[in-house]
There are 2 protein chains.
Amino acid sequence: MFEVRERDGLGRIGVLETPHGRVTTPALLPVVNPNRPVIPARDLGTRFHAEMLITNAYILGKPGPREAVLREGLHGFLDFPGPVMTDSGAFQSHVYGDVDTTNADVVGFQVRIGSDLGTMLDVFSEPEHRHARAAADVEETLRRAREADRLKGSMGLVGAVQGGLHEDLREACARGVSSLGIAVAAIGGVVPLFESYRFRDLVRVIVASKKGLDPSKPVHLFGAGHPLVFPLAALLGCDLFDSASYAKYARDGRMLFPDGTRRAADVRESGCLCPVCLEHSIDEIRSDERLLAEHNLHVCFAAIREVRGAIAGGSLWELVERRARDHPALLDALRELRRHNDFLEESEPVSRPGAMRYVGPETLHRPILHRLRRRLIERYAPPAAKGLVVLPEGDRPYSSRYGSLIARILREADVHVVAKSIWGPVPLELDHVWPFSQSIVPEILDLETLEAAEVFFRAWAAGAGYSFGILWENDETLSELRTRAPGGRNVDWNLLRARATADLQFGRGAADALLGGSVRFVLSKKTGKIRNVFVDGDHVLSLRAEDGLFTLKAGGARRLLKNFPPPRSRVVVDPETLEFYREGKNVFAKFVREVDPDVRVGDEVLIVSPDDELYAVGRVAMNRQEMLAFRRGVAVHVREGLPPPSSALRR
Amino acid sequence: MFEVRERDGLGRIGVLETPHGRVTTPALLPVVNPNRPVIPARDLGTRFHAEMLITNAYILGKPGPREAVLREGLHGFLDFPGPVMTDSGAFQSHVYGDVDTTNADVVGFQVRIGSDLGTMLDVFSEPEHRHARAAADVEETLRRAREADRLKGSMGLVGAVQGGLHEDLREACARGVSSLGIAVAAIGGVVPLFESYRFRDLVRVIVASKKGLDPSKPVHLFGAGHPLVFPLAALLGCDLFDSASYAKYARDGRMLFPDGTRRAADVRESGCLCPVCLEHSIDEIRSDERLLAEHNLHVCFAAIREVRGAIAGGSLWELVERRARDHPALLDALRELRRHNDFLEESEPVSRPGAMRYVGPETLHRPILHRLRRRLIERYAPPAAKGLVVLPEGDRPYSSRYGSLIARILREADVHVVAKSIWGPVPLELDHVWPFSQSIVPEILDLETLEAAEVFFRAWAAGAGYSFGILWENDETLSELRTRAPGGRNVDWNLLRARATADLQFGRGAADALLGGSVRFVLSKKTGKIRNVFVDGDHVLSLRAEDGLFTLKAGGARRLLKNFPPPRSRVVVDPETLEFYREGKNVFAKFVREVDPDVRVGDEVLIVSPDDELYAVGRVAMNRQEMLAFRRGVAVHVREGLPPPSSALRR
């Protein structure tokens, strides 16, 4: 059983239960080579806090160790009390061309020795395999997966995803494997990509696989043992990693670091704080395979902890962006991500805590910004006016920076005012929304960033319907505006803000639905900003200071229900659980029946019965695919249970 | 006494001798607050391997501790046997507006208590101080520096560089302080820049100061205690750092990491491998000031070791480039560096070991590439031809990639062939030269990088004298070339290579000087590349495989001497030492009298007497400023001592 506790991108902190204990993911499983254990299995647990190990059932099944393992069981043989996963020999078939076992044999053997997670014998597709060959191998892999499913008994089965570099095959294989009774899905056939730094292809393979995989299953990335790839792979939703590299690199006299590998002979002084590096001179370390392996393992575990820390802190994207500078091939991988933004944005929350930080031109293409720009085009309705005044790039809330100027422009000319920011166009009435309100941007911007700001702006302005646009320069601009767009108005700034925010957040039409009537704003005494919105006396919305978006109140929820047809803004739940939500209890994933496809983590939603009666309002904690897949975990944090509608408000 | 052992950029690994022992630089000096030592001074030495501490003489001189310190001496009072530096109270004058001591008093006190390095009381210029005020303060600082110089006795004096953000004042102050008998130069008045992340201003201040400072003196950067700035400051030539931040941040419940500061309360899991993080839960650490301080100190020391490791490995620039992604203000600082390229390139070697790695568009502006592009324009003489064929961007040696194509183009049309690379234009006969021959570049390039490649190319092509340029596309291009530039030739590729390399390396005219006569090439049997060059039977040059540049042989040295007027390619040495070089002994800096200003680290030079007689040929290990300033260290590694010229070769 697997439960996700926290999310960042497709990355997640989860707990995987096995017969021999729980494992917190993302987790690194050190490979124990039964023939040559450089660090004994027990030490891996006690000294390195490894929660789960991985070893190779194909090798254990050979005549040498076979009898002992069958007699003592896997855990006794290894002398490790915690969970152990076993691999099947597919990698050996990649290395040696063939293996002398069958899927049925190796699965049966894993069941007999008591593996916590046993792997089917998949067919290893090489990156250079053409589509037809890879397709045949996927077909065979799926046949074996079904066979393994029948043979697995009570063992947790690891189902493999193959398909080479063919995205359609990866997705199809993932979908096929997900339909079986697997405990873990493993993405295989990727070691050749690590070996030649083909991280861009790695992104394609992982994304394609994730599209087909059941999001409620943990994902193992076979052979990913270098700290260089942990952040990226975790961001794309890989939960388990196995490392033989700590030992293999040690044998070659190489040291792992978070930013790459170096020959120990070339390392003069290490900035590493691990016990090996603190307690031994570099000369001692260089010539000692065991010390090298221990250093390498410390670095790998620290990198995994750093990834978990970043997920918990909501900074995994930034970690990936920063680490992309450790190797040009990682930068290529980062740049590849934007090709998959429509998929990646489904796992992005509506906003994030803290400021948006510019790391490089790639930051602008983060999926959360991609979605924001799309929603500005699709959801935000720009106020009617003749022309558009464009404020130059800047990274602070514009209305406070240009406050009185903007009021003057609007009073004297029939125009709207929008700032051109690197995150996308910022209509002035939305400059309180995250990340427009909170970002850290360098003073000097590179050409690609400036060009992107221009492209983003034009993509929006083209559909905004203004007959002209003019860049604000100075008071002469105002004279020109008076001539070109005579007119002007005194704007109800709060109403404009509230309407634009409502549409951006809930979709076009939300402003009419939520704010139709006599609107009263309660402002913060300290900041003068909107706090609460009442319509015809009803408390409809509260504005959150942290991201400038609305919290839905009872009055607002009823208005959305009335004006938005299903499934908009709704989570439909099992009728037997409905009364719990009226009492304010959270919605668990296993009781979710249907979800508005446009809903994202952090969105405000209506909890409704299958016949669309409103029971509560809450904030979404999983995306739609997760709500429908998971059997564990909170899907919606209910903020307010709602009583049955009084007759006055009933439709 | 200070000796530099290794260099990278302006960064250096050095050894500073003090009465209480040697200190390896870059070094971090933990601040011991005598009133509140969160970690006892002795522990800083034994457990953290701090080689030198810093404490505050102004505070020690107050009535409370004064008598005890005078009685026990500084080292006894602190219970620390190693070197101790003391600060003077200038920072307190910044914080409190004034101090109740005088320069003479505080210097005298430091002498009496036995400080290894005692600091004058400088006048702290705030960043916002105008030029006139800062100039007056610099004048007063210099007056006090002279006073301190008279009072210092046998104590090592720390002379301070002030001048606020005014580059001319910083440079003048640095020059003034350098003319005195100081042991260490300290750049002061920068704490306000750290506090507000004004790293771009920090770059300006350090560079301006370094321009005025004696390069043989170690440089202390006052108040730089955050690992975020160590790589950048070290790259710009700062050798000593003091850290109170480990303790101050601990008091505020904040944890330092190499990539920034986080509130301990927000840290859920740390990727840190320090003993504190490995042995304690994050809950324990959070609530324990001592543990926080120890963690912070471990991280700071590790960051300094990482910097030293990078200098030793020649990768400090890359470390700085990667770390620039940890905060947008650091990225600004990185982009600021190119403004100072004419100064920075003086400390860059002619080539570097290993491949040039692309980290971001800033890499293209690294001073070593800036100089290479300038030399391509100033030194390389493009072969006469009618037109120019431009090969598209690519990161591998072009002649091997396009080999037979190029030969065909040259045979059939009167053109020259140049590739447009992101490092700059690559004339085909120079594609074996580092970094054209060795670089790691992403597949996908950003707009700024592509634009820069274009700009670099045009800057060169504008002066190259071809009547047209055409981008290579396909065989149709060749037909067009035949029409526009009829002619063509069979090129002696080796001679073309050798001539172009000689000019690029030694300056225009070097090809004629070195290769005038009957040239014979000895090629590598394995690679077919030039190994040795003989002219009229004389061994003149060898080509190094690692960077594609020449090693000067006896015959070549004599030819340069004859054809190049002094001071070109020369290091003039003390006549009393001349016979040593004939025996192949290295040239030490203290015997250097004059140096060709165009000579850089790694350059091949002639060792000559003041009357221009040739004694040896060698490879430069310091830049000119260093050779003239240092009293210690090797200035030129002599490769070959040369006997007195035979009469046949004498001019």
Side-chain angles (χ1 to χ4, degrees), chain A residues 6 13 197 200 258-259 262 266-275 277-278 282 298-299 301-313 318-319 321-332 335-336 357-362 439-444 446-452, chain B residues 6 13 197 200 258-259 262 266-275 277-278 282 298-299 301-313 318-319 321-332 335-336 357-362 439-444 446-452:
Chain A
E6 300 189 60
I13 295 175
Y197 286 73
R200 203 175 161 195
D259 58 346
R262 285 197 276 286
D266 294 340
V267 175
R268 284 271 305 280
E269 193 156 19
S270 141
C272 176
L273 279 163
C274 83
C277 288
L278 284 192
I282 189 75
H298 277 302
V299 168
F301 275 115
I304 286 286
R305 287 196 294 274
E306 183 178 36
V307 165
R308 284 202 300 260
I311 295 173
E318 281 166 12
L319 181 65
E321 290 184 86
R322 288 190 279 114
R323 282 298 157 75
R325 273 71 192 185
D326 290 341
H327 195 283
L330 277 176
L331 192 54
D332 274 325
R335 289 179 181 161
E336 172 70 18
R357 270 181 184 224
Y358 175 93
V359 181
E362 298 77 19
S439 59
I440 307 180
V441 176
E443 289 174 27
I444 318 171
D446 59 282
L447 201 62
E448 179 149 320
T449 295
L450 293 171
E451 180 69 20
Chain B
E6 301 190 59
I13 295 177
Y197 286 74
R200 204 176 160 194
D259 59 345
R262 288 197 274 286
D266 295 339
V267 175
R268 284 270 305 282
E269 192 155 19
S270 142
C272 177
L273 279 165
C274 83
C277 287
L278 283 192
I282 188 76
H298 277 303
V299 168
F301 276 115
I304 286 286
R305 286 195 295 273
E306 184 179 34
V307 165
R308 283 202 301 258
I311 295 173
E318 279 165 15
L319 181 66
E321 290 185 87
R322 289 190 278 114
R323 282 299 157 74
R325 274 69 192 187
D326 291 341
H327 195 284
L330 278 176
L331 193 53
D332 274 325
R335 289 179 180 162
E336 171 70 17
R357 272 182 182 222
Y358 176 94
V359 180
E362 299 77 17
S439 60
I440 307 179
V441 176
E443 289 175 27
I444 318 170
D446 59 281
L447 203 61
E448 179 149 319
T449 295
L450 293 171
E451 180 70 19

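Naming convention: chains lettered A, B, ... in sequence-line order (proteins, then strands); numbering from 1 in each chain. Model, not experiment: these values are computed from the prediction. Atom set for the values below is all heavy atoms of this structure, side chains included, hydrogens, waters and symmetry mates excluded.
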Residue selection (most heavy-atom pairs with chain B, distance under 4.5 Å) from E336(A), E443(A), E306(A), H298(A): E443(A)

Check: V299(B) and C274(B) side chains under 4.5 Å, non-hydrogen atoms: no

Proximal component of R200(B), with respect to chain A [non-hydrogen, under 4.5 Å]: side chain

L273(A) side chain near C272(B) side chain, heavy-atom distance below 4.5 Å: yes

Where D332(B) and I444(A) come nearest, the two heavy atoms and their spacing: OD1-N, 2.8 Å

Interchain contact, D446(B) with chain A, by part (heavy-atom threshold 4.5 Å): both

Residue selection (most heavy-atom pairs with chain B, distance under 4.5 Å) from G360(A), G271(A), G309(A), P328(A): P328(A)

E318(A) and R323(A) ion-paired at < 4.0 Å: no

Pairwise distance CD1(I440(A)) to OH(Y197(B)) - rounded to 0.5 angstrom: 8.5 Å

Part of C277(B) within contact of chain A (heavy atom distance under 4.5 Å): neither

Stepwise side chain to side chain contact (heavy atoms under 4.5 Å, CB included) test for D326(A) and R322(B): CA-CA 7 Å; D326(A) 290 341; R322(B) 289 190 278 114; 3.0 Å; yes

Chain A contact via L331(B) - which portion, at a heavy-atom distance below 4.5 Å: side chain

Residue R262(A) versus chain B: region with a heavy atom under 4.5 Å: neither

Between E269(A), R268(A), H327(A), E362(A), the one whose heavy-atom pairs under 4.5 Å with chain B are most numerous: E269(A)

Min side-chain heavy-atom separation P442(A)-Y358(A) under 4.5 Å: yes

Greatest number of heavy atom pairs closer than 4.5 Å to chain B - which of A329(A), P258(A), A302(A): A302(A)

Leading residue by heavy atom contact count with chain A [cutoff under 4.5 Å; candidates E451(B), R335(B), E321(B)]: R335(B)

Full working for side chain to side chain contact (heavy atoms under 4.5 Å, CB included) between R325(A) and R357(B): CA-CA 10 Å; R325(A) 273 71 192 185; R357(B) 272 182 182 222; over 6 Å; no

Atom group of D266(A) that falls short of 4.5 Å from chain B, counting heavy atoms: neither

